[in-house]
Number of protein chains: 2
Amino acid sequence: MNIPANFPASTAMKSTAPKVTIEVVAKKAGVSKGLVSFALNNRPGVSPETRVRILEVAKELGWKPSLRARSLSTQRSYALGLVIARNPDVLASDPFFPSFIAGVESILAPEGRALVLSVVPDEETELHTYRSLVADGRVDGVFVSDLRHNDARIPLLAELGLPAVTLGRPDGPSPFPAVTVDDTPGVMASVAHLATLGHRRIAHVAGSSTLLHGLRRRAAFAAALEAAGLPAGQTVETDFSVAAGSDATRRLLTQDHPPTAIVYANDPMAIAGLGMAHELGVRVPDELSITGYDDIDFCRYVYPPLTTVSAAPMVWGRSAASTLLTLMENGSADDVDLPAARLVVRGSTAPPSDR
Amino acid sequence: MNIPANFPASTAMKSTAPKVTIEVVAKKAGVSKGLVSFALNNRPGVSPETRVRILEVAKELGWKPSLRARSLSTQRSYALGLVIARNPDVLASDPFFPSFIAGVESILAPEGRALVLSVVPDEETELHTYRSLVADGRVDGVFVSDLRHNDARIPLLAELGLPAVTLGRPDGPSPFPAVTVDDTPGVMASVAHLATLGHRRIAHVAGSSTLLHGLRRRAAFAAALEAAGLPAGQTVETDFSVAAGSDATRRLLTQDHPPTAIVYANDPMAIAGLGMAHELGVRVPDELSITGYDDIDFCRYVYPPLTTVSAAPMVWGRSAASTLLTLMENGSADDVDLPAARLVVRGSTAPPSDR
DNA sequence: GATTCCCACTGAACCGGTTTAGAAAAGGCT
DNA sequence: AGCCTTTTCTAAACCGGTTCAGTGGGAATC
């Protein structure tokens, strides 16, 4: 740590900080602390003129109530929490969270609320993290993402009495509002698109079946095949990671009657699948059609560009944040159903070559 | 928001919470509040037996000091901040932050500290965000990433008196410790690798020159060419985004004497470049060699797999977090130089075909 | 035995807000 | 005018810790 001599010492600069507290404002306005507090939080019981005067003095003195003091007396933290339990590899290749968080922030920042983020390695730590966030009073509410079958977080959060919003609808009972982007239509549209092109052997590289969205996309895949009058397709389960997507693709393509099209449960796996197809000398889309899910930025720029399903994580983040704030304010909030993800057709899908 | 009748109401569950405070502990242990505080923070002035007794009572009662109360009296928040100012697109395609944050968390969590994350759209908002984090006392220290030329954050943070750690060494004077991964050797190794293979026309798709790491990689590129006795290479500046990487590649490849190798300032752009090469019918690595930077997960699974430079963002996160904690504890901390990023040779580089 | 010193410990102030009980002032009604 | 109600405002308690000045007792010093 090098401190050049000419650099202003940090301590020297914050010389005369007069610490303007509510007490100072009260004195200057000639009223009691309590009244200043009332005026600030526009509570009844303050005459209009006094209120104005107090607020003027406050502004003049540049007073901002201390978040810490306020936290102590109100027992709230004015912050929301997001706990992410994901394998670091999967997390790193999936742009969902950065976008989601950007959306959340766009709502929280103007409200003066902060986002406390925790990234944890496994589910046990995850539950523990929720507990300590509550015990420490770090957050007033949380986002629950990556819902799992019979998710243990729902009853835990209910027990802790912590307001929460779920990203998607849990499969069990839940006292919390859900903000949902239905992914079923997108997956069904993918399959329908492939069926229309003439594909009959369509496989699915599914995500983890412990995750609801993994399960749901898989079910949608099966349903869509049936709707199209096609036989059940081969399904390979993965953990959503790029590596697993690659492996699954190899397995599918090196068997006797390989599929002519593969529907992937997310884009990173689809991109890995594209790479694997190239490696195996299988031409896309001539010999193999590929679809992804999420419409991450990469999709447009790989070759061929990826047919995929476009969700809108940023909008999701905004909506989830608003819903959570409403819940905390009113004690209740309605479920929100965002527009379903839509199929975006690009170059990675084409009619099958054989037959 | 649907509450099934059989679901335990959240309020019903937190029925009798006896609120165990320091007062309760003190009473039960037969000592004063102050002494409990002393015992807890192992301060001198408490006899060994009393200390043990107090701690036993505390454990028995399950007492955890209130973070909020502690925050108010110590004027600290026990949280660290990370402010990210990036175009959402770039942020989404770059897995640096998720990994970095995972590393940071692995250090903070055991210490009982939280990470407050802010994602902001531009630099002005960024500075404002730092100010309010301090004004609200949300954090005790911050990470400064994506250093820019003559970075305005350094003097601001110094003025605010907020402890900070910079990711990389700023180009101006800085009172803060820097945790650095030198990216120069990696870029130089890339160029040397290409030169050894026989490439003579090597181009660079650079990142934004407002960012120090963009500038540095660009300088390293130029220096490496010179060291290899090659003429200055063509350089196209971008904003690090996938889209820009794709455009830059098209421009480079559709000119008269296209380069036989391109060194990209990050992996996402390299992957986009790979896609563009395919689209233009330029075979990689036969007609064009490509190198990236960061070694993101995708590199291994695109085709051909990408030769790149491997940094270790997670280790970087851990190291930055430790350094920041040390700084806050001791009032000073040493710079840390992490092992330089290393070249990883994969399939996207080969000897040039022509000549 | 008196003085000094040190150590363990207490009581109260303090951090900076919110909240409540109740006093003072203002207004309404007969 | 006298009484009751309502409104405006104050004082003090409270949130739950930390910190500091000061008390009391025991050992060490002379």
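Throughout, protein chains are lettered first and strands after them, A, B, ... in sequence-line order, and every chain is numbered starting at 1.
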TODO: May I ask you to evaluate whether B:S47 reaches the phosphate of C:dC9, defined as a side-chain N or O under 4.0 Å from OP1 or OP2?
DONE: yes

Open item on the list: Tell me if a side-chain donor or acceptor on B:N41 pairs with a main-chain N or O of B:S37 at a distance below 3.5 Å.
Closed with: yes

TODO: Considering just the side-chain nitrogens and oxygens of B:R70, establish if one lies under 4.0 Å of OP1 or OP2 belonging to D:dG16.
DONE: no

Task: Phosphate OP1/OP2 of C:dT10 contacted by B:S32 side-chain N/O (<4.0 Å) - done: yes

TODO: Flag the pair B:E123 and B:R148 as a salt bridge only when some basic side-chain nitrogen lies within less than 4.0 angstrom of an acidic carboxylate oxygen.
DONE: yes

TODO: Return no unless some side-chain N or O of B:W63 is found under 4.0 Å from OP1 or OP2 of D:dG16.
DONE: no

Task: Contact nearer the 5' end of DNA chain C, comparing B:R53 with A:S66 - done: B:R53

Open item on the list: Under 3.5 Å, is there any donor-acceptor pair linking the side chain of B:K33 to the base of C:dG11?
Closed with: no

Open item on the list: For A:D136, is there an ion pair with B:R68 - N to carboxylate O distance below 4.0 angstrom?
Closed with: no

Open item on the list: Applying a 4.0 Å non-hydrogen cut-off, can you work out what A:S37 is touching in the nucleic acid: base, sugar-phosphate, or nothing?
Closed with: base

TODO: Ignoring backbone atoms, test whether B:Q75 places a side-chain nitrogen or oxygen under 4.0 Å from the OP1 or OP2 oxygen of D:dT18.
DONE: no

Task: Ion pair A:D337/A:R169, N-O distance below 4.0 Å - done: yes

TODO: Report the nucleotide, chosen from D:dG17, C:dC9, C:dG16, that has the shortest atom-to-atom distance to any side-chain atom of A:K19.
DONE: C:dG16

TODO: Tell me what B:S71 touches on the nucleic acid: a base, only sugar-phosphate, or nothing, going by heavy atoms under 4.0 Å.
DONE: nothing

TODO: Among the candidates C:dG16, C:dC9, D:dT10, find the nucleotide nearest to the side-chain atoms of A:T21.
DONE: C:dG16

- [ ] For B:G30, answer base if it contacts any base atom (sugar-phosphate contacts may also be present), sugar-phosphate if it contacts only those atoms, and nothing otherwise; contact means non-hydrogen atoms under 4.0 Å.
- [x] sugar-phosphate

Task: Below 4.0 Å: OP1/OP2 of C:dT18 and any side-chain N or O of A:R43 - done: no

Open item on the list: Classify the ring geometry of B:F100 against B:F96: parallel below 30°, tilted from 30° to 60°, perpendicular beyond 60°.
Closed with: parallel

TODO: On DNA chain C, check which nucleotide each of B:G45 and B:S73 is closest to and give me the residue with the more 5' one.
DONE: B:G45

Open item on the list: Just to be sure I understand the rule, does B:V31 reach a base, reach only the sugar-phosphate, or reach nothing, if contact means heavy atoms closer than 4.0 Å?
Closed with: sugar-phosphate

